[in-house]
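Down below is the structure, laid out as structure tokens.
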Amino acid sequence: MTEHLSPFSQHRPKRSADSLRSARWFGRDELRSFGHRSRAKQLGLDRDDWEGKPVIGILNTWSDLNTCHMHFRVLAEQIKRGILKAGGLPMEIPVMSVGESFTKPTSMLYRNFLAMETEESLRSNPLDAAVLMGGCDKTTPALLMGALSMNLPVVYVPAGPMLKGNWRGETLGSGSDVWKYWDEKRAGNLSDEAWCEIEDGIARSPGHCMTMGTASTMTALAETLGFSLPGASSIPASDSAHIRMAVRSGKLAVDCAWHDWKPSDFITRESFENAITVDMAIGGSTNAIVHLIAVAGRAGLPLPLDDFDAISRKTPHLADLRPAGKYLMEDFYFAGGLPALLNAMGDLLHRDCLTVNGRTLGENFKDAAIHNEKVIRPRANPVAESGGTAVLRGNLCPDGAVIKHAAADPELLTHTGPALVFEDYPDLKARLDDPDLPVTPDSILVLKNAGPKGAPGMPEWGMLPLPKKLLEAGVRDMVRLSDARMSGTSYGTCVLHIAPESALGGPLALVRDGDRITLDVPNRTLTLEVSDDELAARRAAWSPPAPHYARGYGKLYLDHVTQAHEGCDFDFLHHGPPTPEPAIF
Ligand code: FES
């Protein structure tokens with residue numbers, strides 16, 4: 001990467017030191033400022049450590065239980081080095097880690113928690129700008145949501161993907177190969193010994209999942225939106241270039257603080273159109289739809305589901321990355337990374353959108369070249385002529401549903417079959433492998449009560465496992481429907497995010513075993529072939545499931561979470577009148 005610190009002065013003059021936000025805490029001749037200064041000295045700081053300098057927060061999502069961020073303690077020190085080099089005062093603040101692997105019942109339950117913690121950590125502390133450290137799935141949208149709501153200058157430092165996995169010389173991809181080899185194990189084709197070897201080799205280094213799953217998708221979209229230095233999201237976590245990027249991000253945050261260069265200065269409707277376009281070009285995770293809607297909502301920019309479908313139809317799929325393709329993030333980086341892809345997209349993007357370094361997106365990537373056209377395809381030779389995600393409508397999903405058809409069996413994209421209904425995930429676990437399960441390859445597996453309120457937290461249950469007896473018969477894909485999400489590393493003919501969800505009495509709640517359902521992806525429809533009169537009768541007999549929580553954060557979540565097509569943010573966190581700065585008395 002080249003040097004990217006930008007002359008912000010073309011947009012806004014440098015502010016005076018006494019106008020810095022932190023000067024309200026440290027710079028006054030009054031009792032409270034005395035308290036703040038004396039406590040800063042408790043840290044071992046002298047006045048010249050802060051006087052005339054911006055204070056830069058480092059919001060660190062490190063924990064031992066977020067293995068994707070296992071390098072963040074060391075990385076934070078490098079960010080501090082950049083901040084100090086640029087004449088700022090770094091202050092590290094821990095925020096909720098929200099690791100994808102260990103957080104139960106699902107990390108999605110806590111995305112909004114981290115978003116709130118981010119916003120309030122930025123607001124309540126003496127910060128002039130911040131570096132946000134994230135990467136594992138929910139951390140990127142959460143940090144951006146909080147930052148947009150607070151609207152303080154921020155630079156996003158993505159964790160970077162981990163190195164490729166390896167098993168007996170075969171490349172392993174996070175998630176995708178777990179599902180693949182688990183199916184082979186259940187079908188009796190893989191030994192326990194081989195399964196243990198895969199366990200050893202699939203996560204070899206620091207960093208987030210290295211497929212184009214949710215983490216790689218969201219960090220790429222954060223960069224496209226303009227929150228990161230150019231190329232930052234593609235650098236493997238273990239590469240020394242990643243450290244250099246972190247140092248430069250710290251320096252940039254100081255520059256942003258001096259020029260008060262906030263997200264509202266560069267985030268526009270066009271920035272989000274770019275993000276949706278890139279999501280389609282990289283074959284990104286379906287989770288990006290929910291997250292982008294939520295992030296845009298914090299900026300007061302509605303993103304209807306139909307925008308995703310419209311952009312998908314006209315955007316070629318260019319990055320050949322798993323699970324919708326062949327390669328992994330390390331290959332993507334060496335092929336030129338996101339800047340090369342953006343440059344290859346040409347007029348599909350709004351190149352004049354501004355970014356965190358004060359330059360336009362087009363200026364940032366104008367010199368980036370593709371080094372491997374197998375991994376990043378030129379527009380003349382795309383992986384597919386259109387994007388990999390479709391939005392469905394119909395009487396089964398009045399508020400929409402999504403499918404990643406690029407990662408599905410093409411034969412199943414137009415399919416009618418009988419429903420086999422599971423009332424919830426425990427019901428699925430209990431019955432799926434029953435040899436007497438009345439299932440055929442034509443069946444459509446239906447999972448209810450897996451949405452934002454019903455699960456709760458809309459877990460990644462949407463790639464329903466296939467019944468063992470079908471796996472043993474060689475079946476590897478079926479049509480599956482739910483109000484859940486699915487991992488960005490997953491694949492298969494899985495209709496997701498059905499809204500309204502079944503726990504709210506959406507039509508999904510009314511489906512019964514044997515009902516005929518038609519999936520028609522070319523025509524973007526999902527139809528329950530049951531008469532309106534019959535559905536009305538079923539609705540009259542329906543009663544909602546008992547809520548999962550009666551108190552605490554879970555109760556707050558159930559009371560305020562919105563549906564998938566609205567981003568699953570809390571209704572009271574959407575864009576609104578500015579929240580006042582804290583009084584300092
Ligand atoms: Fe963190 Fe996959 S587990 S990104």
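The model shown is predicted, which means the values in this text are computed figures rather than measured ones. Just so you know, ligand 1 is whichever comes first in the structure, and atom 1 is the first atom listed for that ligand.
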### Query
With distance as the sole criterion, is a donor-acceptor pair present between the side chains of His317 and Arg377 under 3.5 Å?
no

### Query
Which heavy atom of the protein is the closest neighbour of atom 4 (S) of ligand 1, given with residue, atom name and distance?
Asp137 OD1, 3.3 Å

### Query
Considering only heavy atoms, which of Gly207, Gly135, Cys209, Ala203 lies nearest to atom 2 (Fe) of ligand 1?
Cys209

### Message
Restricting to N/O/S atoms, is His208 within less than 2.8 Å of atom 1 (Fe) of ligand 1 or not?
### Response
no

### Message
I'd like to know if Lys448 pairs up with Asp427 as an ion pair, taking the criterion as any Lys NZ or Arg NE/NH1/NH2 lying under 4.0 Å from an Asp or Glu carboxylate oxygen.
### Response
no

### Ligand-residue contact atoms, ligand 1 with Cys68, heavy atoms, under 4.0 Å
1 (Fe), 3 (S), 4 (S)

### Query
So, is Cys136 placed with an N/O/S atom under 2.8 Å from atom 1 (Fe) of ligand 1, counting both backbone and side chain?
yes

### Task
Could you tell me which atoms of ligand 1, counted from 1 in the order shown, lie closer than 4.0 angstrom to a heavy atom of Ala215?
4 (S)

### Task
Indicate whether any N or O donor in one side chain lies under 3.5 Å from an N or O acceptor in the other, for Thr493 and Asp477.
yes

### Query
What do you reckon, are the aromatic ring centroids of Phe332 and Tyr327 less than 6.0 Å apart?
no

### Task
Run the salt-bridge test on Lys80 and Glu92 with the 4.0 Å N-O cut-off and return the result as yes or no.
yes

### Query
Going by the atom numbers of ligand 1, which of them fall below 4.0 Å from some non-hydrogen atom of Ser101?
3 (S)

### Query
Has Ser174 got any heavy atom lying under 4.0 angstrom from an atom of ligand 1?
no

### Query
What atoms of ligand 1 come within less than 4.0 Å of a heavy atom belonging to Glu100?
1 (Fe), 3 (S)

### Query
Do the charged groups of Glu170 and Lys164 touch, with an N to O distance under 4.0 Å?
no

### Task
Taking the six-membered ring for Trp and the full ring for Phe, Tyr or His, determine whether the centres of Tyr557 and Tyr110 are under 6.0 Å apart.
no

